[in-house]
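Each chain gets a letter, A, B and so on, in the order its sequence line appears, and its residues count up from 1.
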Amino acid sequence: MNYELRKNFFDRSSIVVARELLGCVLCRKLNLTSSRLRGTSKIQKFKIIETEGYEGFKDKASHASRGKTVRNSPMFEKSGTIYVYFTYGMHYMLNIVCGAKGHPSAVLIRGLSTSPPTPLLAKERGAEQKINLSGPARLTKYLKIDKKLNNKKLGRKTGLWIEDNPTSLKLRGSKQILKTPRIGVDSAGPIWSKKLWRFVLKEN
DNA sequence: ACGATGATGAAC
DNA sequence: TTCATCATCGTA
């Protein structure tokens, strides 16, 4: 049985949380706007298959490496806070804040999937079709995640939350989890760009 | 392979 | 004031 991940899950190192989020289920509640369905809503659920951890002040690849700014201030909030930032003039990136309040730490959500063996959308028409949302900006576009969610807390009330899944429990320490360097952070220098803080769930 | 996109923050 | 960035898409 799935249950909603609470603050204590995120109240740890972003590296550990990034790894353990693989296989968990990102849930998004969206209001429907067509004339026929106005006033109703739908819930979309996707398995998390790719994450990256950004940990503390010292991490030169992290927005927080040079201290607190207007943009990165949600990273300093309590765990379970949503950090959405806008980059390259086009894209929104979804991060979940980890660790203690005041300690900048977050997990970037980089990939989602509906692939079997977990038929997450079984009740929805068209669920047979596999949707692969690979890429941090693709998934935010698809799930309509933007700055309106920035600095909010994960939860049903916010319309964005994460559930555990029996599959994710079996994954702890399994060889289905790949560890790699993080994407696009070469300029942070070799020490930080080479850290194996990107986690990918191998599905097959 | 390259240019456009155009917020945000750091370097100059 | 100029430049690079936790990226993606269209065009060549």
Side-chain angles (χ1 to χ4, degrees), chain A residues 10 12-24 26 28 30 44 46-100 102-115 130-154 160 162 177-202:
Chain A
F10 301 98
R12 300 178 288 166
S13 156
S14 61
I15 313 306
V16 173
V17 174
R19 187 173 65 236
E20 295 197 2
L21 276 176
L22 294 183
C24 292
L26 186 74
R28 179 76 169 124
L30 289 169
Q44 293 182 302
F46 289 89
K47 187 159 61 177
I48 297 171
I49 60 170
E50 183 183 343
T51 59
E52 285 176 357
Y54 288 84
E55 184 53 46
F57 293 98
K58 291 182 185 171
D59 181 359
K60 291 294 184 218
S62 170
H63 286 169
S65 65
R66 292 182 219 88
K68 196 171 181 176
T69 65
V70 171
R71 177 174 66 164
N72 70 19
S73 63
M75 290 185 76
F76 294 75
E77 292 302 316
K78 67 181 181 181
S79 60
T81 298
I82 299 164
Y83 172 37
V84 177
Y85 68 88
F86 188 67
T87 193
Y88 292 110
M90 311 183 71
H91 303 305
Y92 295 101
M93 304 286 156
L94 171 63
N95 301 261
I96 311 301
V97 175
C98 300
H103 174 75
S105 170
V107 173
L108 172 64
I109 308 296
R110 293 189 57 91
L112 304 173
S113 170
T114 56
S115 76
K130 174 177 174 172
I131 301 174
N132 199 313
L133 297 176
S134 183
R138 288 211 189 103
L139 68 92
T140 54
K141 184 180 179 188
Y142 187 90
L143 294 176
K144 301 192 191 309
I145 290 166
D146 61 21
K147 290 291 281 290
K148 291 194 286 291
L149 287 171
N150 190 38
N151 214 24
K152 298 264 194 327
K153 309 304 170 200
L154 282 177
L160 186 70
I162 301 176
I177 295 179
L178 301 181
K179 291 197 286 188
T180 84
R182 293 172 291 181
I183 302 297
V185 297
D186 286 353
S187 62
I191 293 176
W192 298 100
S193 64
K194 287 178 181 170
K195 297 258 185 215
L196 302 180
W197 288 355
R198 172 173 175 256
F199 301 93
V200 181
L201 179 58
K202 259 195 301 186

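Counting only heavy atoms from C-beta outward, the side chains of A:L149 and A:R28 approach each other to under 4.5 Å.
Between A:S187 and the phosphate of C:dA4, there is no side-chain N or O to OP1/OP2 separation shorter than 4.0 Å. For A:R138 and C:dC9, the shortest distance from a side-chain N or O to OP1 or OP2 is below 4.0 Å. Here A:R110 reaches the OP1 or OP2 of C:dA7: one of its side-chain N or O atoms lies under 4.0 Å away.
Following rounding to the nearest Å, A:N132 (CG) and C:dT8 (P) show an atom-to-atom distance of 12 Å. Between A:L133 atom CG and C:dT8 atom P there is a gap of 11 Å when expressed in whole angstrom units. Taking atom CZ of residue A:F86 and atom C1' of nucleotide C:dC6, one finds them 15 Å apart after rounding to whole Å. A:K148 has its NZ atom 16 Å from the P atom of B:dA7, to the nearest Å.
Across all strands, A:A137 comes closer than 4.0 Å only to sugar-phosphate atoms, never to a base (heavy-atom distances).
If you check C:dT8, C:dC6, C:dT5 against the side chain of A:L108, the one that comes closest is C:dC6.
Mapping A:K147 and A:Y88 onto DNA chain B by nearest heavy atom places A:Y88 at the nucleotide closer to the 5' end.
Remark: A:R12 engages A:E20 in a salt bridge (charged side-chain N to carboxylate O under 4.0 Å, His left out) (not counting sequence neighbours). Listed by chain and number, the residues in a ring pair (Phe, Tyr, Trp, His ring centres under 6.0 Å) with A:Y88 amount to none (sequence neighbours excluded). With sequence neighbours excluded, the residues satisfying side-chain hydrogen bond (donor to acceptor under 3.5 Å, both in side chains) with A:E52 are A:Y54.
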Between N or O atoms, less than 3.5 Å apart, protein on one side and nucleotides 10-12 of chain B on the other: list the pairs.
none

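Looking at DNA chain B, the stems built from 3 or more consecutive Watson-Crick or G-U wobble pairs, each pair with its key distances under 3.5 Å, are B:1-5 with C:7-11, B:7-11 with C:1-5.
Near DNA chain C, defined here as any heavy-atom distance below 4.0 Å, the residues from residues 89-97 of chain A are A:H91, A:M93, listed numerically.
For the pair A:F76 and A:G67, the tightest heavy-atom approach, listed with the atom from each and the gap, is CZ-C, 4.0 Å.
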